[in-house]
Visitor: 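The structure is given below, and queries will be raised subsequently.
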Amino acid sequence: MSEILDNYLFDAFANASENTFIYVCDMNTGLSRWSKQAVKFWGLEDEYIEDASAVWIEHIHPDDRKLYTDDIAAVFEGRSEQHNCQYRAKDRYGEYVWVECRGSVIKDADGKPTVFAGMMTRLDNQSKYDELTHLLTGTELLRKSFDDSGSLMLIGADGLRNINSRHGLRYGNSILKYLADAIVDNSPGMEVYRFRGDEFAVYGKNVSVQEMSKIYNKVNRICGDAESAEGLISFSASAGIVQVMPKDNAADMISKAELSLLYAKEKYKTGMSIYSEEIEQKQIRKNTVSETLLRSIKNGCKGFYLVYQPILSNTGDTVVGCESLLRWNAPNDAIGNCYPDEFIPILEKNGGIIEVGNFVMREAIKQASIWQKKYKQFSVSFNVSYFQLEESQFVPSIIKTIDEYGVNPEYITVELTESVLNVDTNLVKKSFEMLKSKGVKIALDDFGTGNSSFWTLHNIDIDIVKLDQSFIRGLGNSSTDIDYAIVESVGLMCNRIGYKTVAEGVETDDIWRMISKFEFTGLQGYLFSRPVEIGEFEKILTKYSMEK
């Protein structure tokens, strides 16, 4: 018998709960094992089952089978990382019971699926009402039959995890209660559920998605007034809305609303989106990209590489350094081109940014060691995500790598976007102190795009300010008074404070001439070069007479 199926871990978990059933399948043989409790409750013939999918599908309610098979197919085809859906299954007495089924595939080193394992949790005996808000639970929503047209909205508090971390769970619960009350007060005659976690569901019979979106706008405004109304901090909410038709499956509609909510959070940070097939296709692509990225990381960051964009002196005739930028060749033809603005947020969400960030750091410092031997005072910068700063060993690993390659740290620059504000300020300061004590320079990238740019300059010790390219490019438009004033002011201010400055997005001679009037110390943009690989970059160094 397969050691995958017969081991002490399975036996240990099999009896963990009377309401949870576990299963595991050896995908090489097609043989699966189910816990004895599952065999008894569902009336299965044996603990060991061949072709369990064919057996289990007969237990699933006919109306829920497509939901189940679509979700399973997404996992086995690599479009989703986990199987996670709720449906009705028939017990040994022929009665249908709501269950939540979760599972995942384990792959070997070659990416071939070898094990599929998971668990089912009974939902039928869970409480009907939520203890905190006294609203109906998500289980009740899943049991609902839609007999009329209408709309369903999932709405949730943004950043509740950070709120809980800063203020405690009791305070976070006050936020949820406040949100629940705001939803109920502004959706009279509708059904409101505490779906799960920070998410609430609103169903409106004969309510259009446009009417539901107006309810969202009212609720979100109330969330913004929480500070003055209840002494809470003001917060925001995001929502996903889907149109419901008679006989629509509740689980299917919830899934579509969930997709829309996730899309709103990712695209707008806070806001609302209405379900469409386009949103669903984008989510499918995101899942495919995420799975492929993780596979690339597992294979030694295969497919990732760096390109380099030169930074020139203010005169535009000498290269003084470069910025290292990450690129990725997706091995999956179905993905096609995948650029950093797409794959980096995915890496930040699936946790891959830590290992890829280490790859970027090592490759950039390694290349810096080569160029520093050939050219005097040549600076190389690389970007760091705030997720990396949260890793206690990341900053020491930068210092260790600098020593390993014998690089002059005074010509290594760590670039951070204003997302650095998402972590604790003391953590950022401590990290920067360690780097600056070694001689490493700190640059604030995309300056001017966030609400706290000047706060950052006031509270965090940096060396270089890189003005966001949107302001520089604006100089090339017919109406440039505002951008001109911003660029001029930033250049003068940073010079007075003692910061070096880099103007990003220099794309035309006209913009260059304007920039030359200001006191920027570096220029970066397509006028001089796009980001290129090492061979092309060497040619640029020759073109701009880099001093050896």
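Count residues from 1 along the sequence.
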Visitor: Anything under 30° is parallel, anything over 60° is perpendicular, the rest tilted; go ahead and classify Tyr68 against Tyr87.
Guide: perpendicular
Visitor: Is there side-chain contact between Val414 and Phe382, with heavy atoms separated by less than 4.5 Å?
Guide: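 They are in side-chain contact.
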Visitor: Among Lys107, Lys298, Arg285, exactly one meets salt bridge (charged side-chain N to carboxylate O under 4.0 Å, His left out) together with Glu291. Which residue is that?
Guide: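 Exactly one pass, corresponding to Lys107.
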Visitor: Just wondering, do Ile442 and Asp461 contact through their side chains at under 4.5 Å, heavy atoms?
Guide: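 The answer is no, as the side chains (C-beta and beyond) never meet within the 4.5 Å cut-off.
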Visitor: Between Asn220 (side chain only) and Tyr216 (backbone N and O only), is there a donor and an acceptor less than 3.5 Å apart?
Guide: no
Visitor: Is the distance between the ring centroids of Tyr23 and Trp56 less than 6.0 Å?
Guide: no
Visitor: Can you list every pair that meets ring pair (Phe, Tyr, Trp, His ring centres under 6.0 Å) and has a residue in residues 236-257, with sequence neighbours left out?
Guide: none
Visitor: Sequence neighbours excluded, which residues qualify as ring pair (Phe, Tyr, Trp, His ring centres under 6.0 Å) partners of His134?
Guide: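 Expected list: none.
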Visitor: Answer yes when Glu278 and Lys282 have at least one side-chain N-carboxylate O distance shorter than 4.0 Å, and no when they do not.
Guide: yes
Visitor: I'd like to know whether CE of Met119 has more than 12 heavy-atom contacts from other residues, nucleotides or ligands below 6.0 angstrom.
Guide: no
Visitor: Is Lys214 salt-bridged to Glu211, going by a charged N under 4.0 Å from an acidic O?
Guide: no
Visitor: Just jot down the side-chain contact (heavy atoms from CB on, under 4.5 Å) partners of Asp71, sequence neighbours excluded, or say none.
Guide: His83, Cys85
Visitor: Between Tyr193 and Tyr203, does the ring centre distance come in under 6.0 Å?
Guide: no
Visitor: Whether Asp225 and Arg221 form a salt bridge (side-chain N of Lys/Arg under 4.0 Å from carboxylate O of Asp/Glu) is what I want to check.
Guide: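 No, Arg221 and Asp225 are not salt-bridged.
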Visitor: Nearest 0.5 Å, what's the CG-CG distance between Leu154 and Asp198?
Guide: 10.5 Å
